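Right, one structure below, let's go through it.
All figures in this text were calculated on a predicted structure; none of them were measured in a lab. Residues: numbered from 1 along the sequence shown.
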Amino acid sequence: MDEPLDYKLSKRRRGVYLLPNLFTTGTLFGGFYAIIAGMSGLAGTGDQYSLAAIAIFIAMICDSLDGLIARKTNTASDFGKEYDSLCDMVAFGLAPALVVYFWSLHFLVEYKWLGGKLGWVAAFMYAACAALRLARFNVLASRGGAKGNFFGLPSPAAAAVVIGFVWAADELGYQGVELILPATILTIFAGALMVTNLRFWSLKSLKLTERVPFRYIVFAVLILVLFALKPSLIFFIVFFCYALTGPVNAVRERQRKSAGKA
């Protein structure tokens, strides 16, 4: 006897799409591995902070691919969106906050600001801002308002700024105790940018099939060459410059409006 159509559809919808969620799981694994590597670095077990940064870098790649694959293969789902958001919180919220805390911020316990708790307060602020940023993005996406430029620094870019600093400093031979002040400022700065209303350029608006000036290709090749020579430093510089585009564009827009009124 044939099953009712509604029953067949309900059975079919119980499954999940494998390919995009596999890449999303890669995002989660990258964040989880970064936390484990950071804990090993805190315990003095080898040079683990560079591995933590590389793990988050790989998580960023997986996070970019899962959405792209879901759109190209028409396999987007509500489950995938929720799963992606939870994995992003681990990889780009908790992992960078804990790694930078293990590497540098925990040394602030020697100072008596906030009762010696300034280090974990700064790390927690970053993690909380990442959670708020992801929640706001989900709300805007559900209302169809998340297209075009981003409101607030995207959490993967904020993670790249924080973890890129750790990676570059560690590769250059600096210890976390030597860079407590810049690490603290950068962590708070990246976290605060995530919850602002500043606009940031979205990679989704890039039209890969359209013609672009030849200088864009030369610039892209130059970035790749520099990245091959010193990946940690170029990684940090690129995303730090991207993080600055929001405040810079806001200042320019305000100046343009002031000039127009004048």
Side-chain angles (χ1 to χ4, degrees), residues 30-60 89-133 152-196 198 230-247:
F32 180 80
Y33 183 86
I35 295 173
I36 298 299
M39 292 174 63
S40 300
L42 179 63
T45 309
D47 187 14
Q48 298 293 320
Y49 294 112
S50 294
L51 293 178
I54 293 171
I56 293 180
F57 177 57
I58 294 174
M60 292 173 60
M89 180 57 205
V90 175
F92 310 128
L94 287 177
L98 290 174
V99 170
V100 73
Y101 178 80
F102 294 148
W103 179 70
S104 178
L105 300 186
H106 76 278
F107 289 110
L108 285 171
V109 73
E110 300 176 5
Y111 301 89
K112 299 307 178 183
W113 306 327
L114 297 181
K117 300 179 177 65
L118 182 60
W120 71 258
V121 167
F124 173 75
M125 175 189 169
Y126 174 91
C129 288
L132 292 171
R133 172 66 177 81
L153 183 65
S155 57
V161 171
V162 173
I163 205 68
F165 177 75
V166 175
W167 188 11
D170 188 62
E171 288 288 322
L172 293 173
Y174 289 97
Q175 300 295 322
V177 68
E178 300 174 310
L179 300 174
I180 294 177
L181 183 59
T184 304
I185 294 174
L186 202 64
T187 302
I188 296 174
F189 172 73
L193 282 181
M194 284 191 282
V195 293
T196 63
L198 299 176
K230 198 67 176 177
S232 58
L233 186 60
I234 299 304
F235 179 78
F236 169 68
I237 291 175
V238 167
F239 281 98
F240 182 71
C241 291
Y242 174 75
L244 292 178
T245 59

Practice task
Could you check whether the rings of F124 and W120 sit parallel, tilted or perpendicular, using 30° and 60° as the cut-offs?
Solution key: perpendicular
Would you call the rings of W103 and Y49 parallel, tilted or perpendicular, taking 30° and 60° as the class edges? perpendicular
Begin with the C-alpha distance, continue with both residues' side-chain angles, and end with the deciding distance and a verdict on side-chain contact (heavy atoms from CB on, under 4.5 Å) for F240 and L186. CA-CA 10 Å; F240 182 71; L186 202 64; 3.7 Å; yes
Please report the interatomic distance [atom1]([X]) to [atom2]([Y]), rounded to the nearest 0.5 Å.
X: L153; Y: T196; atom1: CG; atom2: OG1; value: 7.5 Å
X: L193; Y: L244; atom1: CG; atom2: CG; value: 8.0 Å
X: I180; Y: H106; atom1: CD1; atom2: NE2; value: 8.5 Å

**Message:** More than 12 heavy atoms of other residues, nucleotides or ligands under 6.0 Å from CZ of F32: yes or no?
**Reply:** no
Taking every non-hydrogen atom, the tightest pair across [X] and [Y]:
X: Q48; Y: S40; result: CG-CB, 3.6 Å
X: R133; Y: M194; result: CD-O, 3.0 Å
X: F102; Y: G38; result: CD1-C, 3.4 Å

For [X], what residues pass the side-chain contact (heavy atoms from CB on, under 4.5 Å) criterion, not counting sequence neighbours?
X: A34; value: A52, A55, I56, A95, V99
X: I185; value: L181
X: I188; value: A122, M125, T184
X: V195; value: C129, L132

Within the structure provided, determine whether [X] and [Y] are in side-chain contact (heavy-atom separation under 4.5 Å).
X: Y126; Y: L105; value: no
X: M60; Y: F239; value: yes
X: E178; Y: S104; value: no

Sequence neighbours excluded, the answer for side-chain hydrogen bond (donor to acceptor under 3.5 Å, both in side chains) partners of S232 is none
Scan the side chains in residues 156-170 for donor-acceptor partners under 3.5 Å anywhere in the protein, sequence neighbours excluded, and list what turns up.
from: D170; atom 1: OD2; to: S50; atom 2: OG; distance (Å): 3.0

